[in-house]
S.K.: 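Dropping the structure in here first, questions after.
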2 protein chains.
Amino acid sequence: MGRSRVQGKHAGLTREQVLEAAVRLADRDGVEALSMRKLARELDVEAMTLYHHVQNKQGLEDAIVEHVLAESLGWPPESGAWQEVVAGYAHDLHRGLARHPGAVLLFATRPAITPRSLAILETLVRLLREAGFPARTALHLVYAVAGAVVGLHLGYAGDQNREPAAVADLAGEDLPVLADALADGPVTMESRLDFTLTALIAGFETLLPADGRRLSPR
Amino acid sequence: MGRSRVQGKHAGLTREQVLEAAVRLADRDGVEALSMRKLARELDVEAMTLYHHVQNKQGLEDAIVEHVLAESLGWPPESGAWQEVVAGYAHDLHRGLARHPGAVLLFATRPAITPRSLAILETLVRLLREAGFPARTALHLVYAVAGAVVGLHLGYAGDQNREPAAVADLAGEDLPVLADALADGPVTMESRLDFTLTALIAGFETLLPADGRRLSPR
DNA sequence: ATGCTAGTCTTACGCCGTAAGTGAGGTCAA
DNA sequence: TTGACCTCACTTACGGCGTAAGACTAGCAT
């Protein structure tokens, strides 16, 4: 019954298929429900088979992050107003995470140190330096923006996910200011992103050495 | 051997002891190593005993968050320069998370909706509103700051934790700008916190309606 | 033909969370 | 004093987990 597989037969499974199924499963059921055995079942294969395409579960998770990252982040433009480049980068990341909620927690727990993300980081920092930021400040800036985006999604990815919207219900008469703040409806992810991004970019601008040494050195 | 416990004997275990041991264990071995069985062993008790003090594992994790939060966050002052109150709040949270790295991931995945944290939120938002922010903007502000602090710690809490410092090693000659940015040593948590906080607060200031309607309405 | 290799399945181990049931002490009303 | 009841603890058991070790098979290179 049902058990119709045969030892040794090649099922033609590829690493790409494994990753796609893993992302699908994590998005559908939540990352905490992602197990090697369930993933294998999904692919109509035995669990141990997966270990030929992935080193272990941790390796699978790393690969998921890389996969989603590659799908989300294009190459930043080599030139342009830094404010827009940074905002574009943030929005790309945001859209990627929105499309793959199952990957959010993995993003949060893994430093992005693949060659690809480092190269993107390099490009961004170079652009910011050309805009007048000291290199170190530029690095801080990118970290702050990336952290804000991931942090934003975390708040909405918590499992059963009574997101901040639920605060509205809880904010009874004893929390009048909160109730007032939520009177216009719940705080959406988009509005939080826009707000945080605006504030961060405005804040960065005040940190920029006043002259803007890009073209005219004085 | 060693099995010297007796059925039914009251060992006098309290919820407080359970929580403290849980936090200690999570801080020492990482939150992913926290299991009901290990925790019970730590307390010289059988696993199922814990279920008298905690609803289930999820409940235990919720309680850890609450515990650490209570330990970290005092009541915000009812008055004072909003910049300093917000910065103080951020630093309190930061210190709490620094003291309890095992709780960071739990913080990140749980909306803070205990009565206590809601009350703190209420106080902060009220203060900000008195400083001239619209209620909704004030709420965004607090979320942004809290998210930044938690996000900051997440980057450093990733398990074996080759933190961003490791980027320095990876930034070879092909990533000259990054190497430059890291020439003065790795990016510490403190410097990231200070930078992000400065930028956020400066950004918020630009969002503040120009008059500052606290005292003089026109 | 022979052997190698890569992809697959089988079995097994020691963890995990927790449902269900057992038992020992303490409290307190009758 | 008794005995019912409650609380706290222990025991056993189940199904799921990650993965180490090994066996099998098909196809390719020799």
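Chain letters run A, B, ... following the sequence lines, proteins first and then strands; every chain starts at 1.
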S.K.: NE2 of B:His52 versus C1' of D:dC10: gap in Å, rounded?
M.R.: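 Taking atom C1' of D:dC10 as the reference, NE2 of B:His52 is at 10 Å.
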S.K.: Under 4.0 Å from OP1 or OP2 of D:dA9: is there any side-chain N or O of B:His53 that close?
M.R.: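 True: B:His53 side-chain N/O within range (under 4.0 Å) of D:dA9 OP1/OP2.
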S.K.: With distance as the sole criterion, is a donor-acceptor pair present between the side chains of A:Glu20 and A:His67 under 3.5 Å?
M.R.: no
S.K.: Which heavy-atom pair separates B:Ala181 from A:Leu139 by the least distance, and what is that distance?
M.R.: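 Closest approach of B:Ala181 to A:Leu139, heavy atoms only: CB-CD2, 4.2 Å.
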S.K.: Check whether any side-chain N or O of B:Thr49 sits under 4.0 Å from OP1 or OP2 of D:dC8, and answer yes or no.
M.R.: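 No, B:Thr49 has no side-chain N/O under 4.0 Å of OP1/OP2 on D:dC8.
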S.K.: Using heavy-atom distances to pick each residue's nearest nucleotide on DNA chain D, tell me which of A:Tyr51 and B:Met48 is more 5'.
M.R.: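 This one resolves to B:Met48.
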S.K.: Kindly say whether B:Pro134 contributes a backbone atom to a donor-acceptor pair with the side chain of B:Arg129 at under 3.5 angstrom?
M.R.: no
S.K.: Which protein N or O atoms sit under 3.5 Å from an N or O of nucleotides 12-16 of chain C?
M.R.:
from   : atom 1 : to      : atom 2 : distance (Å)
C:dC16 : OP1    : B:Ser35 : OG     : 2.8

S.K.: Between atom CD in B:Glu46 and atom C1' in D:dC10, what is the gap in whole Å?
M.R.: 6 Å
S.K.: Which whole-number value in Å describes the distance from B:Asp44 CG to D:dC8 C1'?
M.R.: 15 Å
S.K.: Run the salt-bridge test on B:Lys38 and B:Asp29 with the 4.0 Å N-O cut-off and return the result as yes or no.
M.R.: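 Between B:Asp29 and B:Lys38 there is no salt bridge, as every charged N stays at least 4.0 Å from the carboxylate O atoms.
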S.K.: Name every donor-acceptor pair, under 3.5 Å, that has one atom in a side chain of residues 97-105 of chain B and the other anywhere in the protein, sequence neighbours excluded.
M.R.:
from     : atom 1 : to      : atom 2 : distance (Å)
B:Arg99  : NE     : B:Glu71 : OE2    : 3.2
B:His100 : ND1    : B:Asp27 : OD2    : 2.7
B:His100 : NE2    : B:Glu71 : OE1    : 3.4
B:His100 : NE2    : B:Glu71 : OE2    : 2.9

S.K.: Does B:Arg116 qualify as a cation-pi partner of B:Trp75, given the criterion of NZ or CZ under 6.0 Å from the six-membered ring centre and within 45 degrees of its axis?
M.R.: yes
S.K.: Measure the distance from CD on B:Glu32 to P on D:dG18 and round it to the nearest whole Å.
M.R.: 15 Å
S.K.: Nearest-Å distance, CG (A:Leu60) to P (D:dG18)?
M.R.: 10 Å
